[in-house]
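Predicted model only: the values in this text are computed from it and were never measured. Throughout, protein chains are lettered first and strands after them, A, B, ... in sequence-line order, and every chain is numbered starting at 1.
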Amino acid sequence: MAKNRFDHTEIEKKAQEKWASLDLYQTDLTDTTKDPYYLMFEFPFPSGDLHIGHWYAFALTDIFARYLRMAGKNVLFPVGFDSFGLPAENAAIKNGKPTPEWTYNAIDTMRGQMRSMGTSVDWSKEVITSDPEYYRWTQWLFLKLFEHKLAERREAPVKWCPKDATVLANEQVIDGKCERCGTDVEEKYLTQWFLKITDYAERLLTDLDPLPWREDIKESQRAWIGKSEGAKLRFQVVSTENATTPSDKPDGSTAIEVFTTRPDTIYGVTYVVLAPEHPLIDTFEPLITNGGAVAAYRQATSRKSERERSENKDKTGVQLEGVMAMNPATREEIPVYVADYVLASYGTGAVMAVPAHDERDFVFAKKFNLPIKHVIDPITGHEQTDPKHKNKIVAVVEHEGKVLTIKWPEELGGRLLVGGTAEEGEDPAVTAAREILEETGYADLELVEQAQEQVHHSYFAFSKNQATIAHTTLLHFRLRSNRMEETQLEADEIGKFTVEWVTPDVARKEIHDDQHQYTLARFTNYSAYTGNGTLSNSGSFTGRDNREAMADIIEAVGGEVRTNYRIRDWLVSRQRYWGCPIPIVYDPEGNPHAVPAEHLPWTLPTDVDSDSGKGQSPLKASKELAARVEQIFGEGWTPECDTLDVFVDSSWYFLRYLDPKDEHDFSNQSLMKKWLPVNRYSGGSEHTTVHLLYARFFYKALYDLGLVPTSEPFYERFNRGLVLDSEGRKMSKRWGNVVNPDEMVKLYGADAVRMYLAFMGPYNEAGHYPWKLTGVEAMRKFLDRIVSLSGRLSDEEPSEATLRVLAKAIDKVGTDITRFKYNTAISGLMVLVNELEALSAVPRRAYHDLISLLAPFAPHVAEYLYENALLTSSHAGAVETIEIPKSVHELEWPLVDESLLTTETIIMGVQIAGKRRGEVSLSLEATEEEAVAAALSQPDVAKFLEGGTPSRVIYVPGRILNLIP
RNA sequence: GCUGGAGUGGUGAAAUGGUAGACACGCCUGCCUUAGGAGCAGGUCCCUUCGGGGGUGGAGGUUCAAGUCCUCUCUCCAGCACCA
């Protein structure tokens with residue numbers, strides 16, 4: 001048995017009872033004597049059990065809450081339950097219980113478990129999203145959005161999960177599968193409610209910039225919003241022939257609108273593609289001569305899920321024969337295709353295809369044998385002023401799968417293809433043949449291809465002292481025979497290089513020159529060139545930089561600048577029982593009307609439950625709801641039978657925390673002014689995009705309606721890492737490796753578990769930390785050591801050395817907690833304990849501070865020690881203080897005596913030429929002369945200086961003395 | 001593929017440009033012990049001729065000084081991905 005073991009079960013029970021009886025954690029939100037600090041973690045959904053991940057989420061945020069209180073803040077640290085939604089519903093079905101009953105039982109269990117961790121949450125602020133008192137206001141806010149046209153109904157293709165029998169939001173579809181159950185998602189057309197988050201795309205993006213969030217969090221949100229800037233261009237439709245009657249023809253103004261980010265490549269457009277769902281296809285029907293094929297293709301793709309479509313990157317499609325479009329730049333008639341690589345839901349559902357400069361169009365064009373027209377010449381090298389122009393060639397010569405290369409010494413360019421300069425007016429093919437012959441001797445060549453595009457290479461020719469632009473023509477030859485002739489080299493070239501045949505792979509690896517790289521790729525691995533360069537084949541724009549000409553081109557073809565976002569409107573309708581009823585009713589004509597405020601909460605009927613629906617909304621089966629609607633609104637009126645996505649519930653819960661019982665408003669205006677935005681919001685990385693983005697949108701919408709005081713809801717956002725099992729695997733029920741904290745708590749105590757979680761690694765990083773039993777044990781031993789120190793208290797004042805150690809620890813622990821670097825904070829505590837243990841007796845004052853620092857991490861043990869070693873001691877009794885705090889958690893965070901943090905003399909490293917050779921004890925104010933003198937008096941230093949005097953001295957007082965011999 | 005982030009002992013990890021590996025786990029040695037899943041003391045990056053030398057994925061660079069800053073490169077993680 002260890003010395004001084006404490007009975008954690010008993011002290012935890014006592015401490016928790018004490019805190020409850022003292023009412024320690026009820027925050028007075030109207031208090032004006034202290035700074036408010038709103039600390040929040042993501043409220044859990046009631047899963048019915050608490051695992052180590054919950055501890056990590058709640059107990060570790062609690063450390064900061066406890067610290068903040070001691071540091072004199074008025075801390076709001078609330079909790080609630082995200083109790084509507086699929087997980088609860090599914091669990092209830094599985095357990096054969098009515099959903100509400102199961103949910104509220106689970107909440108009750110979780111409350112108890114959260115108390116057992118020693119969390120100091122304020123239960124008086126609890127919100128439960130499935131309570132009518134809460135969802136009444138969810139409905140009220142939804143109606144506000146409806147009133148301002150931010151909530152609207154429309155028919156749309158929706159993702160349908162056949163297993164869960166519900167519609168899913170885009171964000172709940174992962175790789176084309178249902179986020180919850182992994183079933184392949186199907187598409188279905190339904191009339192649904194949407195919240196218009198797209199209206200806020202730009203603000204959600206730009207308001208991200210000033211937020212002090214981690215870059216990866218911001219980046220995820222940016223990617224999700226997916227802004228792209230480009231243009232909307234119109235392609236006039238022309239029919240090739242024989243529409244039956246003129247009136248069947250679409251009128252002359254019919255045009256295909258496309259969105260493109262590359263309007264600069266318009267001259268390279270060789271066809272246009274429509275998404276299979278594009279409505280214009282129906283309009284074109286009378287013109288289409290291959291209607292059967294088109295209809296068949298559209299039907300085939302509609303049967304495919306979006307997953308199947310995107311999984312199979314093989315491009316498919318069919319031409320709309322009889323329909324042509326006109327390239328607005330070249331006035332050429334180009335074919336129109338239907339292909340499912342174009343998405344109906346993005347941009348205009350139609351694209352202009354530029355095979356030469358877009359990978360996807362390139363693949364499609366190759367497959368369907370469509371023309372590839374280059375309109376951008378790559379530029380390589382560095383821009384030069386006043387350059388001389390030269391025509392050059394670079395040639396790929398192929399023979400038996402190998403490529404002819406010339407190996408120069410590295411300084412002359414290393415491995416290259418054959419290249420050379422053209423003579424005035426010379427045909428590039430002639431130049432190439434000549435250069436190949438001169439350099440390699442090969443004489444029997446066949447020209448395979450001369451590229452449409454050139455490469456423009458800017459460089460400075462040092463040999464001629466001349467800035468130069470080479471306009472390089474790219475050629476592709478095949479060796480017809482091995483016939484060779486005498487090479488004709490310049491005198492200075494002889495013997496400098498070797499001619500080598502290598503595989504294209506070797507050539508790709510070893511050729512470093514950009515022009516030659518491009519040429520090689522162009523003929524051996526042809527693909528689209530998506531980079532920038534000089535426009536060619538582009539009418540009056542030829543020769544201009546593609547980026548610079550962009551705006552002019554858009555104007556010239558009558559297009560308009562346009563920004564597009566990837567984010568779609570938020571589909572909030574759910575065909576499920578366990579959710580917030582949408583407070584909408586339909587008149588006999590089917591028009592939606594808001595349920596008037598006096599009828600809120602618009603309660604969820606209880607005469608149906610989760611499985612009443614059988615694939616449609618369960619509420620449709622509710623007689624009570626139907627009757628209620630008819631009674632209030634009249635005969636023929638019907639209820640909306642879908643419920644709201646749970647992410648609506650969780651988009652505003654942090655507002656309700658401020659005034660959870662308010663019956664007149666969703667929150668309290670003056671409290672919102674005082675407490676918002678939330679100072680720090682801690683959560684899991686899985687909520688970075690969906691929840692966090694939705695909550696930001698919802699809040700911004702409320703801001704615009706004047707309902708909340710700021711434009712962003714969360715000032716700081718911290719994503720915590722993941723706790724893995726001892727093998728480093730993710731914990732999951734499926735693996736059966738979920739760590740049950742109860743056992744650990746029973747064995748070592750809640751405080752040891754808290755401290756181990758805190759000690760594993762930084763809490764503010766997305767790290768993955770393996771759960772190790774030995775680690776919890778170590779924390780328990782550490783706590784035992786602190787407890788055993790209490791047996792060696794003395795009333796003597798601490799020595800200066802002890803005071804310094806103490807000051808350092810106070811400073812470090814406080815700063816590190818604030819930064820969510822609990823691991824180094826605890827290491828600071830350990831250093832302190834190590835020092836105190838080395839003393840013959842522990843000064844009571846030092847112990848008092850130690851216990852204060854310990855309190856946020858190990859609230860129960862700290863309470864126990866405070867009560868039994870400090871409060872009850874004769875010393876404490878003797879002090880005539882006005883009021884001694886009853887709990888360790890009412891203590892103030894110890895003050896740091898700044899003067900103790902810096903010492904008068906410090907040990908400073910001495911470097912000779914940057915290598916550490918010794919150290920000197922010096923005053924902070926020591927002059928350079930004194931420092932050098934002190935250093936020179938050290939034998940080691942003198943030795944490394946070899947007796948000489950330093951030629952240079954770098955002296956940074958308090959940091960380093962570096963002597964250069 | 002694109003965009004972000006990160007690479008440091010056997011492990012989790014520390015290091016405002018200034019003594020790399022704090023603090024722990026694990027391991028090793030010793031003490032105490034009938035015993036050890038207890039406690040205590042010491043050791044634990046590599047090489048070494050014991051003077052030192054080398055070392056933070058790799059290669060360069062900036063600097064008196066680089067884990068830290070810059071360039072290139074490799075690897076891993078995350079988000080996005082047929083988004084025009």
Side-chain angles (χ1 to χ4, degrees), chain A residues 1-3 5 175 214-228 230 258-263 265 273 275 306 309-315 339-343 345-354 357-361 363-364 530 564-568 685 688-689 719 724 726 728 756 759-762 765-779 781-782 784-785 788 812 821 823-831 833-834 907-919 943-944 950-956 958-964:
Chain A
M1 212 46 175
K3 280 191 290 182
R5 274 190 72 136
D175 283 338
R214 235 169 49 198
E215 202 49 41
D216 60 328
I217 302 178
K218 294 190 189 184
E219 235 6 80
S220 290
Q221 293 215 349
R222 289 191 190 113
W224 205 278
I225 296 166
K227 179 179 186 173
S228 36
V258 303
F259 172 73
T260 178
T261 54
R262 293 297 302 271
T265 61
V273 192
E306 192 150 309
R309 286 203 212 175
S310 63
E311 204 172 49
N312 181 10
K313 303 240 166 169
D314 246 5
K315 302 255 177 304
D340 68 1
Y341 81 91
V342 174
L343 307 177
S345 49
Y346 183 76
T348 60
V351 302
M352 61 180 222
V354 189
H357 305 293
D358 182 279
E359 303 279 5
R360 298 150 301 183
D361 300 342
V363 172
F364 191 83
T530 55
N564 221 353
Y565 299 91
R566 199 182 69 89
I567 195 169
R568 316 286 161 81
S685 53
T688 307
T689 39
N719 279 5
L724 307 174
S726 56
Y756 174 62
F759 189 65
M760 285 185 313
E765 281 172 26
H768 291 193
Y769 309 113
W771 174 262
K772 289 231 167 82
L773 251 192
T774 50
V776 188
E777 230 171 72
M779 287 305 137
K781 286 178 193 168
F782 177 61
D784 279 333
R785 282 165 61 202
S788 76
K812 180 170 181 57
K821 297 207 60 167
N823 56 333
T824 50
I826 291 178
S827 124
L829 274 181
M830 287 171 166
V831 171
V833 169
N834 289 345
I907 309 278
M908 199 174 70
V910 178
Q911 297 179 338
I912 310 296
K915 289 251 182 262
R916 188 171 183 282
R917 298 300 182 188
E919 55 187 33
K943 187 178 82 191
F944 278 96
S951 64
R952 190 170 164 198
V953 175
I954 292 99
Y955 175 56
V956 185
R959 293 223 170 272
I960 202 76
L961 176 65
N962 191 2
L963 307 175
I964 315 300

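Taking atom P in both B:G17 and B:A84, the straight-line distance is 38 Å, to the nearest Å. Using C1' as the reference atom, B:G61 and B:A78 are 30 Å apart when rounded to the nearest Å.
Both A:Glu765 and A:Ile826 lie near RNA chain B, and the one whose nearest nucleotide falls closer to the 5' end is A:Glu765. Comparing A:Tyr565 and A:Ala778 against RNA chain B, the residue whose closest nucleotide sits nearer the 5' end is A:Ala778.
Counting heavy atoms from C-beta on, the side chains of A:Val363 and A:Tyr341 never come closer than 4.5 Å. With a 4.5 Å cut-off on side-chain heavy atoms, A:Glu777 and A:Tyr756 do not count as touching.
Base engagement by A:Val956 is indicated by at least one non-hydrogen atom pair under 4.0 Å involving a base atom. Using a 4.0 Å heavy-atom cutoff across all strands shown, A:Lys812 reaches no nucleic acid atom at all. At a threshold of 4.0 angstrom between heavy atoms, the contacts of A:Lys227 with the nucleic acid are absent. Within the nucleic acid shown, A:Ser228 comes within 4.0 Å of sugar-phosphate atoms alone, with no base atom in reach, counting heavy atoms only. Within 4.0 Å (heavy atoms only), A:Tyr769 reaches sugar-phosphate atoms of the nucleic acid but no base atom. A:Asp361 comes within 4.0 angstrom of no nucleic acid atom, judged by non-hydrogen atoms across all strands. Residue A:Val342 is classed as a base contact, given a heavy-atom separation below 4.0 Å to a base.
Base orientation of B:G54: anti (glycosidic angle beyond 90° from 0). Look at B:G61: its glycosidic torsion is beyond 90° from 0, and that puts it in the anti range.
Put simply, OG1 on A:Thr348 and OH on A:Tyr346 are 10.0 Å apart, with the number rounded to the nearest 0.5 Å. Here CE of A:Met779 is found 3.5 Å from CE of A:Met830. Values are rounded to the nearest 0.5 Å. Once rounded to the nearest 0.5 Å, the distance linking CD of A:Gln221 with OG1 of A:Thr688 reads 7.5 Å. Annotation: the span from A:Leu963 atom CG to A:Tyr955 atom OH amounts to 11.5 Å, rounded to 0.5 Å.
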Worked check of side-chain contact (heavy atoms from CB on, under 4.5 Å) between A:Asn719 and A:Arg214: CA-CA 9 Å; A:Asn719 279 5; A:Arg214 235 169 49 198; 3.9 Å; yes
Using the side-chain contact (heavy atoms from CB on, under 4.5 Å) rule, take A:Arg785 and A:Val833 through it: C-alpha gap first, then chi angles, then the decisive distance, then the call. CA-CA 8 Å; A:Arg785 282 165 61 202; A:Val833 169; 4.0 Å; yes
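Taking the side chain of A:Pro762 as heavy atoms from C-beta on, and the options B:A14, B:A24, B:C64, the nearest nucleotide is B:A14. Closest to the side chain of A:Ile960, out of B:C23, B:G26, B:G18, is B:G18. In the set B:G79, B:A84, B:A24, the nucleotide with an atom closest to the side chain of A:Asp358 is B:A84.
For A:Lys772, no side-chain nitrogen or oxygen approaches OP1 or OP2 of B:A24 to under 4.0 Å. Between A:Asn823 and B:A22 there is no side-chain N or O to OP1 or OP2 distance below 4.0 Å. An OP1 or OP2 oxygen of B:C80 is reached within less than 4.0 angstrom by no side-chain nitrogen or oxygen of A:Arg222. Dashed line: the shortest gap from a side-chain N or O of A:Tyr341 to OP1 or OP2 of B:A84 is not under 4.0 Å.
For RNA chain B, each stem of at least three Watson-Crick or G-U pairs (distances under 3.5 Å) is given as range with range: B:1-7 with B:74-80, B:10-12 with B:23-25, B:26-31 with B:39-44, B:45-47 with B:52-54, B:57-61 with B:69-73.
One finds no salt bridge joining A:Glu765 and A:Lys821 here, because no Lys/Arg side-chain nitrogen approaches an Asp/Glu carboxylate oxygen to under 4.0 Å.
Annotation: cation-pi pair A:Lys315/A:Phe364 absent, no NZ/CZ under 6.0 Å from the ring centroid and within 45° of its normal.
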Sub-3.5 Å pairs of nitrogen or oxygen atoms, protein against nucleotides 2-9 of chain B:
{"unit_1": "B:U3", "atom_1": "O2'", "unit_2": "A:Glu219", "atom_2": "OE2", "d": "2.9"}

